[in-house]
Each structure stands twice: as C-alpha cells, then as structure tokens.
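What follows is a short report on a single structure.
What you see below is based on every heavy atom in this structure, not just the backbone, and it leaves out hydrogens, waters and symmetry mates. In this text, all values refer to a predicted model and were calculated from it rather than measured experimentally.
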Amino acid sequence: MRTREALVKAAALEFDRAGYDGTSLARISAAAGMSIGAVTFHFPSKRELADAVREQGRSVTLAALENLATDPLPALGRVVDLTLELARLMEQEPSVRSTIRLGRDHPGMGSWSDVWLPTVRKLLDRAQENGQLREDAPLSDVITLVEYLTSGSEAYLRSRIGSEVAFESAVAQLNRVWRLALAGVSADGPAGRRKAPCPLEPEGS
C-alpha cells in the first residue's frame, strides 16, 4: 500500500506538471525513486495510473464537500465557502490539480467540475427559492459565475506555482473577488451597464 500511495503521489506531481501526454511511466518511476518494474506491478499502464490519480483527486474533493454539508450558513454563503475550499484544494493538493489537467487534456476522463458542480446547483436553487438572489440574476448566469471564478483561481495558481516570487494565496484572492461580485462594482447599478451588442449586428444599430 505504501508503494502504491507513493506512486500515485509521484504521478500526481508529474501529471500536474507535464500533463498526460508529457508524462511517461519512466518519468514517474524516476520521480518515485522506484524501478519501472515496481511501477508496472501496481499499474500496468499509464492510463491506470492516471485513473488512480483522478480517483484520489475526486475523493479528496468529495470529502471536502461532505465537511461543508454541516455549514450553518445560508445557501449562497455556502456556495462561496465551497469555492474557497475548492481553491484551497487546488493550492494544496497535487492530485486535485492533476485531476483538473487530466480532464482538460483528455475530456473522456471526465471533468473535475462534475464532482462539485451538482452541489453548487442545488445550493443556488435553494438560494433562489429563499430570495437570496436578485431577480435580474438568472440562476444559469450565477452558476457560470461560479465556474468562471473557480477556473480563474486555477489559472492564477498555474501561472505562479513553481515561481520563486512570493504570491498571494488563491483563497485570499478569491475571497476578495467574491466580495466584489456580491456587492457589485457599478456605482450606477444595473441601469448603468451597457447592453452587449448583438454579434450579428453592428454596434449602435
């Protein structure tokens, strides 16, 4: 079991760094400090090792969702907390970052958002029923906002992980962005926003 866990940990780091196509069993064996025979004894193929990494990433995420299930906050507040926890996982768990990258490199492996997005939808349904969302904030757009913010946190981390320059925690940054999103940034309110032009019509028509 210790050997298997060490291999999954090494594979998570390699898949996160180089992606599925850029990672080989030989590279993983070198990173784990084991022979290629030890690797193939536990995982005969790279795909099986990738599946084990994805399973760990999904399990870590599901455990975090279960811990948040007892959160006493109203539904919208729980959505915010959920995204902050997702940012923390992306920052601290290589298996989670690998799961995201593997799903992006090979869509057939499934997306990481499939694990947590159903919970977000349920919470936002409840928030809408309880009057926590503005009437001019369509539920589908709020769900898209959550996906954008989560993807943005991952992009922020990927641009900075491995850099020698100190950078702000993704959790702290996302928390600030959420405050802006919930309060709004336009001093004029919704009426001050310009309607996006139709892509099939010239602007101003």
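Below 30°, between 30° and 60°, or above 60°: for Tyr20 and Phe15 the angle between ring planes is below 30°, a parallel geometry.
Side-chain contact between Ser111 and Asp114 is present, with at least one heavy-atom pair separated by less than 4.5 Å. At a threshold of 4.5 Å between non-hydrogen side-chain atoms, the residues Gln56 and Glu5 do not count as touching. When side chains are defined from C-beta on, Lys9 does not count as touching Pro94, because their heavy atoms never get closer than 4.5 Å. Residues Leu102 and His106 fail the side-chain proximity criterion, which asks for heavy atoms closer than 4.5 Å. Side-chain contact between Val8 and Phe43: present, with at least one pair of heavy atoms (C-beta onward) separated by less than 4.5 Å. Between Lys46 and Ser24 the shortest side-chain heavy-atom distance does not fall below 4.5 Å. With contacts defined as side-chain heavy-atom distances shorter than 4.5 Å, the pair Leu82/Thr119 qualifies. For the pair Leu76/Leu123, no side-chain contact is recorded, criterion being any heavy-atom separation below 4.5 Å from C-beta on.
Salt-bridge formation is detected for the pair Glu168/Arg176: a Lys NZ or Arg NE/NH1/NH2 atom is positioned less than 4.0 Å from an Asp or Glu carboxylate oxygen. Remark: Asp125 does not engage Arg121 in a salt bridge, criterion side-chain N to carboxylate O under 4.0 Å.
Residue Glu154 holds its CD atom at 4.5 Å from CZ of Arg158, rounded to the nearest 0.5 Å. Atoms CD and CG, on Gln173 and Leu84 in that order, are 11.5 Å from each other to the nearest 0.5 Å. Residue Leu25 holds its CG atom at 11.5 Å from CD of Glu14, rounded to the nearest 0.5 Å. With values rounded to the nearest 0.5 angstrom, Arg78 atom CZ is found 11.5 Å from Leu124 atom CG. Interatomic distance, CG of Leu139 versus CD of Glu129, reported as 9.5 Å (0.5 Å rounding). With rounding to the nearest 0.5 angstrom, the CH2 atom of Trp116 is 13.0 Å from the CG atom of Leu62.
Within 6.0 Å of atom CD in Glu135, 12 or fewer heavy atoms from other residues, nucleotides or ligands are found, so the atom counts as exposed in its surroundings.
A side chain to side chain donor-acceptor pair (under 3.5 Å) with Trp112 holds for exactly one of Thr99, Thr150, Thr61; it is Thr61.
Between the side chain of Arg97 and the main chain of Glu91, a donor-acceptor pair closer than 3.5 Å is present. The closest donor-acceptor contact from the side chain of Arg101 to the backbone of Asp16 lies under 3.5 Å. At distances below 3.5 Å, not a single donor-acceptor pair connects side-chain atoms of Ser98 with backbone N or O atoms of Ser95. Listed for the Asp71 side chain is a donor-acceptor partner under 3.5 Å among the backbone atoms of Leu73. Listed for the Ser151 side chain is no donor-acceptor partner under 3.5 Å among the backbone atoms of Tyr148. When atom types are taken as modelled, the side chain of Ser45 and the backbone of Glu48 share a donor-acceptor pair closer than 3.5 angstrom.
In plain terms, the two heavy atoms of Ala75 and Arg126 that are nearest each other are CB-CB, 4.0 Å. Contact between Ile36 and Ala26 at its shortest, heavy atoms only, is CD1-N, 3.8 Å.
Counted by atom type alone, Trp178 and Thr83 present one or more donor-acceptor pairs between their side chains at under 3.5 Å.
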